[in-house]
Amino acid sequence: MPELPEVETMVRGIRDAVEGHSITDFRRCPCACKPIATQPEMDEIRELVVDRTITKVWRRAKRVVLELEDGSAFVIEPRMTGLMLLSDPPDIEHLRFQWELQRGTKSHSVWFWDRRGLGTLKYFDKEQLAYVLGETFLGPDALDMTLPLWKQQLAKTTREIKIALLDQKLVAGIGNLYASEILHRAKISPKTPANRISTTRIKRLAECTDAILRTAIKYEGSTLGDGTYRNALNQDGSYQNEHRVYAREKLTCPDCETGVIKRIVQAQRSTFYCPRCQSR
DNA sequence: ATTAATGTTCAGAA
DNA sequence: TTTCTGAACATTAA
């Protein structure tokens, strides 16, 4: 589930407890879940990382990067239900990986927890890392977008803007929830072909993307009804209280107070919007 | 029993 | 070449 704001929250939540710490052990948790890495891989990785220091914790799009002193790194993609946690996992059955860390005489652990198990964890050397996080697979980070970049990227496709916003090669970090929220605030119809959006609207899109993502980070992301997403201490985020359209079908639009929020399906995924505010 | 869920990827078709 | 569709991954809850 996590999109850019939730992943950024995870990164900030674990940063102080991870940066500058050395790895004393890295293991797969003894859960009954289907493993997302094979044992030979695990042994190999463990060999390479034990006694190394994690120097940087950062985010690229919707991925968490734990970078070691030699430039190699763990790249964790939480996908739908993955969480990076320092404590209090929602349950112990779905803990997947554990890093045992140490600084001085103090030691503690960081976990990757994932209920559905769609998340991935990989370990790359410095060169591979640059490649897998580079422009071959990912467009510019949503927080690094500028007006000229938006123009350039949107000109590349005729797809409906809502669908284009989910294309990580066009712009990286936006997911299904924030795509609806961003387009609503920018007053752009989700059905508008990306390459036919006026400059005025692109400008609004740029501003609203930035504003919404930054605000959502401030609120530590969105925790929905199923409560899947939580911060590093297993606490709820609060941006869900600020949602204007997402999962609010049939409710009155909080902006125009006249339109009724509609749910449509685009590329097999729900889009929520106000037909009155977002007529084109 | 069925459906949908904040994500990504792949195959095959249009 | 680009775009679209459906299925797949695994799990839970309405």
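Labels below follow one simple rule: chain letters A, B, ... track the order of the sequence lines, proteins then strands, and each chain is numbered from 1. Just the heavy atoms: all of them, side chains too, but no hydrogens, waters or symmetry mates, feed the values below.
- With sequence neighbours excluded, no residue forms a side-chain hydrogen bond (donor to acceptor under 3.5 Å, both in side chains) with A:E181.
- For the side-chain hydrogen bond (donor to acceptor under 3.5 Å, both in side chains) test, residues two or more places apart in sequence or in another chain that qualify with A:R263 are A:S270.
- For residues 173-201 of chain A, every residue pair satisfying the ring pair (Phe, Tyr, Trp, His ring centres under 6.0 Å) rule, not counting sequence neighbours, is listed here: A:Y178-A:Y239.
- What separates CZ of A:R115 from C1' of B:dG7 is a distance of 14 Å, to the nearest Å.
- Of the side-chain N and O atoms in A:K156, none sit less than 4.0 angstrom from OP1 or OP2 of C:dT2.
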Enumerate, atom names and distances included, each donor-acceptor pair closer than 3.5 Å involving a side-chain atom of residues 244-254 of chain A, sequence neighbours excluded.
{"unit_1": "A:R244", "atom_1": "NH1", "unit_2": "A:D255", "atom_2": "OD1", "d": "2.7"}

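- The side chain to side chain donor-acceptor pair (under 3.5 Å) analysis of residues 46-55 of chain A, with sequence neighbours excluded, yields the pairs A:D25-A:R46.
- What separates NZ of A:K62 from P of B:dT9 is a distance of 10 Å, to the nearest Å.
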Pick out the pairs of N or O atoms, protein on one side and nucleotides 4-7 of chain C on the other, that lie under 3.5 Å.
{"unit_1": "C:dG6", "atom_1": "N7", "unit_2": "A:Q268", "atom_2": "NE2", "d": "2.9"}

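- In this structure, the ring of A:W99 has its center less than 6.0 angstrom from the ring center of A:F74.
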Both atom distances under 3.5 Å, Watson-Crick or G-U wobble: I'd like the secondary structure of DNA chain C as a dot-bracket string, with | for pairs made across strands. .||||||||.||||
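- Considering only residues two or more places apart in sequence or on other chains, A:D144 meets the side-chain hydrogen bond (donor to acceptor under 3.5 Å, both in side chains) condition with none of them.
- Between A:S270 and B:dA5, a side-chain N or O to OP1/OP2 separation shorter than 4.0 Å is present.
- By the side-chain hydrogen bond (donor to acceptor under 3.5 Å, both in side chains) test, A:R28 is found to be paired with A:Q39, residues two or more places apart in sequence or in another chain being considered.
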What pairs of donor and acceptor atoms, side-chain ones from residues 271-279 of chain A against any protein atom, are under 3.5 angstrom apart with sequence neighbours left out?
{"unit_1": "A:T271", "atom_1": "OG1", "unit_2": "A:K162", "atom_2": "NZ", "d": "3.0"}
{"unit_1": "A:T271", "atom_1": "OG1", "unit_2": "A:Q266", "atom_2": "OE1", "d": "2.7"}
{"unit_1": "A:Q278", "atom_1": "OE1", "unit_2": "A:C274", "atom_2": "N", "d": "2.8"}
{"unit_1": "A:Q278", "atom_1": "NE2", "unit_2": "A:L183", "atom_2": "O", "d": "3.2"}
{"unit_1": "A:Q278", "atom_1": "NE2", "unit_2": "A:I188", "atom_2": "O", "d": "3.0"}

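- If you check residues 172-185 of chain A against DNA chain B, the residues with a heavy atom closer than 4.0 Å are A:G175, A:N176, A:L177, listed by number.
- A:R79 has its CZ atom 18 Å from the P atom of B:dA5, to the nearest Å.
- With both ends at atom C1', the span from C:dC4 to B:dT6 equals 23 Å, rounded to whole Å.
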Can you give me every donor-acceptor pair (side chain of residues 148-156 of chain A, partner residue at least two apart or in another chain, under 3.5 Å) with its distance?
{"unit_1": "A:Q153", "atom_1": "OE1", "unit_2": "A:K156", "atom_2": "NZ", "d": "2.9"}
{"unit_1": "A:Q153", "atom_1": "NE2", "unit_2": "A:L170", "atom_2": "O", "d": "2.7"}

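- In the set C:dT3, B:dT8, C:dA10, C:dT3 carries the atom at the smallest distance from any side-chain atom of A:T157.
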